[in-house]
Engineer: 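The structure's right below; bear with me while I get my questions together.
Below, all heavy atoms of this structure are taken into account, side chains as well, without hydrogens, waters or symmetry copies. Here is how names work: the chains are called A, B, and so on, in the same order as the sequence lines, proteins then strands, and each is numbered from 1.
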Amino acid sequence: MNISTPLNATRRGFLAGTGALVVSFAIPAVAQEGEVATPATPAPQNPDLPGSLAETPSLDAWIRIDANGKVTVFTGKVELGQGTKTALRQIAAEELEMDPASIELITADTGQTPNEGYTAGSQTIQNSGTAIRHASAEVREIMIRQASEKLGIPAEDLRAENGRIVASDGRTLGYGEIVADDLLHVDATGNVPLKSPDSYHAIGKPFARVDIPAKVTGGAAFVQDLRPEGMLHARLVRPPTYTARLVEIDEDAITSMPGVVTLVRDGDFLAVIAEQEFQAITAMRAAYATAKWDEKENLPDQNDIPAFLESAVSETGSVASVGAESVSGARTLQAQFTRPYQMHGSIGPSAAIALFENDAMTVWTHTQGVYPDRDALAEMLDLPPEKVRCIHVEGSGCYGHNGADDAAADAALIAKWLPGKPIRVQWTREQEHLWEPYGAGMLTRVSATLDDSGKIVDWRYDLWSNSHSTRPGSAGSLMAARLMGRHFQLEPAKLQISPSGNGDRNAIPLYDIPNQRVNWHFVPDMPVRVSALRGLGAYCNIFSLESFMDELAEAAETDPVEFRLRHMTDPRARTVIETAAEKFGWSDDPLPQGRGRGFAFAQYKNHAAYLAIALEAAVDRETGIVKISHVACAVDCGEAVAPDAIINQTEGGIIQSMSWTLYEAVQFDRTRIQSPDWSAYPIARFSAIPDSIEVAVVDNPGTPYLGVAEAAQGPTGAAIGNAFRHATGKRIHDLPFTRERVKTVLGV
Amino acid sequence: MKLTVNGTAHEVDADPSTPLLYVLRNDLGLNGAKFGCGLGQCGACTVMVDGKAVFSCLTPVMLLEDREIKTVEGLGTIDNPGPMQTAFIEEQAAQCGYCIPGMMMRAQSILEANPDATDDELRHGLEPNLCRCGTHMRILRAVSKARTLMKSASAAPAVERA
């Protein structure tokens, strides 16, 4: 098996597509055109083009048609369980006038697809979907123009239908009969009109997810399911702490165990490789039992995260500064909120397969960013980027930067020691829990002033946080690179204030408040490893803002929904707030003792999906258990491409955020993380799941796509806090709402 | 040693202490049972042994000779899915899908033991299985639908079932 030089997605000479998982080991052994290294985030070539066409304008980077009329669509984004593989087919099929099921889709592969950076931030449909939509429309128009020449019929008398161009006189030409060399090797113009919503046959229609049948029948659906010929099983032996140094290990005792091929040691990076998986596990356990490490106390006090954050600020960035510096009013309120470190907690621990052959590395990985990961791996391996190919294969749901990139690095580092052998790395549960980068701990303080009429006239918000992204791009992001003898270092974190936000995501209230000061007190040191977790700072910021909005509503003696509407002029925001309240049956009718209603709203990133949520919770004083009984939610993400996928993502976001809010905090002492498994880091189980969750999709056909998959995280947490307050008269300011904390707050 | 999986006898050459999960996946090439924790905490590896749901990550193969092992592959195929599989497809009850085969096998064991299990009994029975994507509402709907589909499948004449 040869690895070919990855080809330049914008200048391909031929179709190299092999999409199906079962054949993905058959990499074409053909010399292909080389390319220069692509940066982690590609620079726009034509910023005026829509979506990711700005970075990759050539139509044949996105769409290829073979002589039989088979259409293959390429995306740099990946399936994470959001339904990407289905929704992007719907989008392409719409403009190409085809059946979505007849379209082949190739997802992120540095050997085949455009570089679209990471699949993150709810941007797949917004960026890749928009690019594919426009590219498909342009290809359709090219087909019509070509058919017009071939048939001698004016273009306006031709139409696309079912993958063919149909003439008014009944003659037809299939796309495969029209397509010729390099026909689609042209840059998009951005000038071709898109179809109007009243003629849609695919967008917004209920198509079954293409990936589900294999997943429920035992098909090879995940990277964990790949078993190439000659594969060896690797297991890692991680240090007890991030910075521990390996003092000694009895290598002979390990390598003499049954089936063990070798033990790889590079600095503090240690792995056992065996013929069979359980032999690797047995050898790993023996190595864990005998390896000696030198570890240091260097973690903060988990019971006083605010003290650590306040003591470690390097600089303060202004996120917003609007209106007058100081405003007086009738009444000023203030509050402080905290969020602990929280896990992605993927159900399937990270895994990867790597093969080093003919001086080139191929890695099958569930990374969210094949191109940035490739660059980081190349740096770590001391290989030119064009000698590293990263092919995305689905893993278990990740919700951000989990162990995926690290597992890819582990496999690649080991594979370089054992050329010609496919190396399968499978993390253990304990490794996933202890080594994934967590969602960052945060501290927020808010104060606001109400005038005599109960309107907010002044708003101050301060947040303390690390950066929420330490994703690859450079080798120092990869754990293997940090542990290996060369000891790559994480690049120093920098404060960056951007429209999408990071730790400051959703720190600016969307409400109409004339005077606002919002600051991010930036903490560069990361003694606890952190990176992107679904929503970044938005979860804690919206929890803080929307909890505080209820406090203000109470001070203004106004219903919380009415209070929000009083401060909201954006009509789409008002619609989702009103829709959620109506679906829930929002009222001030009394509830039985111990039950409460909670409401919250946010527009994710202040420019993506609008989401409002109402829920009812029951609080049991004796046990401290908070149980959500029913939930109603309204979401507007622009034109709804795949409504059922939007509902699925939103239901999932609500349940996941409920779990974060009620249960989740990474435990650690001053030396070690102490949450190695699900018993030490419990998450929601079926007994905690609400009786009902209703999600109403407010569709806006013809309007731009607004990212939606992370929109529920913040509002759900705040709505639970507000329901708790309504049920008990008390507010919990510190996440999560553990049973102990509930009982303490209630004085039980 | 001899293992009977989905009605077929297999001769496998594995250390008797090897957990069933690794034999199913690596020796028999069955992808359905997933590695999740190796600790019996998440249920991703759930299969049925003599009708009961077990954690295959914890069960050594030495205990399984002469036992009937069933995995999600034994419920039907992609072209001819069984009632439990049909229910999950029809309800679109998956996000990433990694936990789903374990959910299906646990639900199957509950419904084979008690075809009339109530929604509450099904929800309670699924407690050992974790889903991180938050697909629980759909999983519950799919399992309820499977209860109905399993009854009509078992009521159908044998020739139609074949």
Side-chain angles (χ1 to χ4, degrees), chain A residues 79-83 208-209 211-222 224-225 227 233 258 276-279 281-282 344-349 394-399 426 428-429 644-645 648-649 651-659 677-679 683-687 689-690 692-693, chain B residues 14-15 17-19 22-23 25-27 29-39 41-42 44 71-79 81-82 84-86 88-90 92-101 104 123-140:
Chain A
E79 177 68 74
L80 305 170
Q82 348 80 306
R209 287 246 309 266
D211 55 326
I212 289 181
K215 287 174 175 174
V216 300
T217 53
F222 300 95
Q224 286 90 345
D225 300 333
R227 285 180 287 274
H233 291 274
Q276 291 180 26
E277 188 165 20
F278 195 58
Q279 292 169 335
I281 293 168
T282 308
H344 302 79
S346 296
I347 295 297
E394 283 182 65
S396 176
C398 66
Y399 331 106
Q426 167 68 70
T428 64
R429 168 50 50 201
D644 189 60
N648 202 355
Q649 282 294 295
E651 284 177 359
I654 290 167
I655 289 174
Q656 190 177 70
S657 177
M658 179 196 81
S659 181
D677 58 30
W678 296 119
S679 68
I683 63 171
R685 289 185 182 270
F686 273 95
S687 53
I689 299 306
S692 69
I693 299 179
Chain B
D15 184 301
S17 66
T18 308
Y22 304 108
V23 173
R25 294 184 58 83
N26 297 326
D27 298 72
L30 298 171
N31 296 311
K34 305 293 185 200
F35 174 71
C37 66
L39 303 163
Q41 294 178 347
C42 78
T71 70
V72 79
E73 288 89 347
L75 300 184
T77 63
I78 198 162
D79 297 321
M84 183 64 70
Q85 293 163 324
T86 301
F88 272 75
I89 293 168
E90 287 184 358
Q92 293 284 286
Q95 288 187 50
C96 81
Y98 196 88
C99 70
I100 296 297
M104 296 167 73
R123 178 189 279 246
H124 181 74
L126 288 168
E127 188 76 357
N129 287 48
L130 289 175
C131 168
R132 185 56 162 166
C133 296
T135 319
H136 302 73
M137 307 307 293
R138 283 161 189 252
I139 293 168
L140 291 169

Engineer: Atom SG of Cys133(B) and atom CD of Gln649(A): how far apart are they, to the nearest 0.5 Å?
Structural biologist: 7.5 Å
Engineer: So what's closer than 4.5 Å to chain B heavy atoms on Ser659(A): side chain, backbone, both or neither?
Structural biologist: side chain
Engineer: Between Gln426(A) and chain B, with a heavy-atom cut-off of 4.5 Å, which part of the residue counts as in contact: side chain, backbone, both or neither?
Structural biologist: side chain
Engineer: Given the options Ala14(B), Gly74(B), Pro19(B), which has more heavy-atom pairs under 4.5 Å with chain A than any of the others?
Structural biologist: Pro19(B)
Engineer: Would you give the length of the straight line joining atom CG of Leu130(B) to atom CD1 of Ile683(A), rounded to the nearest 0.5 angstrom?
Structural biologist: 4.5 Å
Engineer: Determine yes or no for a side-chain-to-main-chain donor-acceptor pair under 3.5 angstrom, with Glu651(A) supplying the side chain and Thr135(B) the backbone.
Structural biologist: no
Engineer: Is there a donor-acceptor contact under 3.5 Å from the side chain of Gln95(B) to the main chain of Asn648(A)?
Structural biologist: yes
Engineer: Regarding Gln92(B) and Asp644(A), do their side chains bring together a donor and an acceptor under 3.5 Å, going by distance alone?
Structural biologist: no
Engineer: Of the backbone (N, CA, C, O) and the side chain (C-beta and beyond), which part of Ala44(B) lies under 4.5 Å from a heavy atom of chain A, both, or neither?
Structural biologist: side chain
Engineer: Can you measure from CE (Met104(B)) to NZ (Lys215(A)) and round to the nearest 0.5 angstrom?
Structural biologist: 13.0 Å
Engineer: Can you say whether Ser17(B) sits under 4.5 Å from chain A via the side chain, the backbone, both, or neither, judging by heavy atoms?
Structural biologist: both
Engineer: After noting the C-alpha distance and the side-chain angles of Arg25(B) and Asp225(A), does the key distance pass the side-chain contact (heavy atoms from CB on, under 4.5 Å) rule?
Structural biologist: CA-CA 8 Å; Arg25(B) 294 184 58 83; Asp225(A) 300 333; 2.8 Å; yes
Engineer: Do you know which two heavy atoms are closest between Leu30(B) and Arg227(A), and how far apart they sit?
Structural biologist: N-NH2, 4.2 Å
Engineer: Given side chains that start at C-beta, do those of Met137(B) and Ile655(A) come closer than 4.5 Å, heavy atoms only?
Structural biologist: yes
Engineer: Only pairs of heavy atoms separated by less than 4.5 Å count here; which of Gly97(B), Cys99(B), Ala94(B), Gly32(B) has the most with chain A?
Structural biologist: Ala94(B)
Engineer: Which atoms of Ile100(B) are under 4.5 Å from chain A, going by heavy atoms: the side chain, the backbone, both sets, or neither?
Structural biologist: side chain
Engineer: Top residue by heavy-atom pair count (under 4.5 Å) with chain A, among Leu140(B), Thr71(B), Leu75(B)?
Structural biologist: Leu140(B)
Engineer: First locate atom CZ of Phe35(B), then atom CZ of Arg429(A), and finally report the distance between them rounded to the nearest 0.5 Å.
Structural biologist: 7.5 Å
Engineer: Using a cut-off of under 4.5 Å for heavy-atom pairs, which of Ile281(A), Asp677(A), Ile693(A), Leu80(A) has the most such pairs with chain B?
Structural biologist: Asp677(A)
Engineer: Working to the nearest 0.5 Å, report the span between CG of Asn26(B) and NE2 of His233(A).
Structural biologist: 4.5 Å
Engineer: Can you tell me which of Gly134(B), Cys96(B), Gly76(B) forms the most heavy-atom pairs within a distance under 4.5 Å of chain A?
Structural biologist: Cys96(B)
Engineer: Under 3.5 Å, side chain of Glu277(A) to main-chain N/O of Tyr22(B), donor-acceptor pair present?
Structural biologist: no
Engineer: Hey, are the side chains of Met84(B) and Val216(A) touching, using non-hydrogen atoms and a 4.5 Å cut-off?
Structural biologist: no
Engineer: Are Glu127(B) and Ser687(A) close enough that a side-chain donor and a side-chain acceptor fall under 3.5 Å?
Structural biologist: yes
Engineer: Which answer fits His124(B), side chain, backbone, both or neither, if we ask what part of it has an atom under 4.5 Å from a heavy atom of chain A?
Structural biologist: neither
Engineer: What residue, out of Cys398(A), Gly83(A), Gly219(A), Pro258(A), has the most heavy-atom pairs lying under 4.5 Å from chain B?
Structural biologist: Gly219(A)
Engineer: When you compare the side chain of Asn31(B) with that of Phe222(A), does any pair of heavy atoms fall below 4.5 Å?
Structural biologist: no
Engineer: Do the side chain of Arg132(B) and the main chain of Tyr399(A) share a donor and acceptor less than 3.5 angstrom apart?
Structural biologist: no
Engineer: What part of Thr18(B) gets within 4.5 angstrom of chain A, counting heavy atoms only: side chain, backbone, both, or neither?
Structural biologist: both
Engineer: With a 4.5 Å cut-off on heavy-atom pairs, point out which of Ile139(B), Leu126(B), Thr77(B) contacts chain A the most.
Structural biologist: Leu126(B)
Engineer: Heavy-atom distance under 4.5 Å to chain B: side chain of Ala684(A), backbone, both or neither?
Structural biologist: backbone
Engineer: Can you tell me how far the CG atom of Asp15(B) sits from the CD atom of Gln279(A), to the nearest 0.5 Å?
Structural biologist: 8.0 Å
Engineer: Between Glu90(B), Arg123(B), Lys34(B), who has the most heavy-atom pairs with chain A when the cutoff is under 4.5 Å?
Structural biologist: Arg123(B)
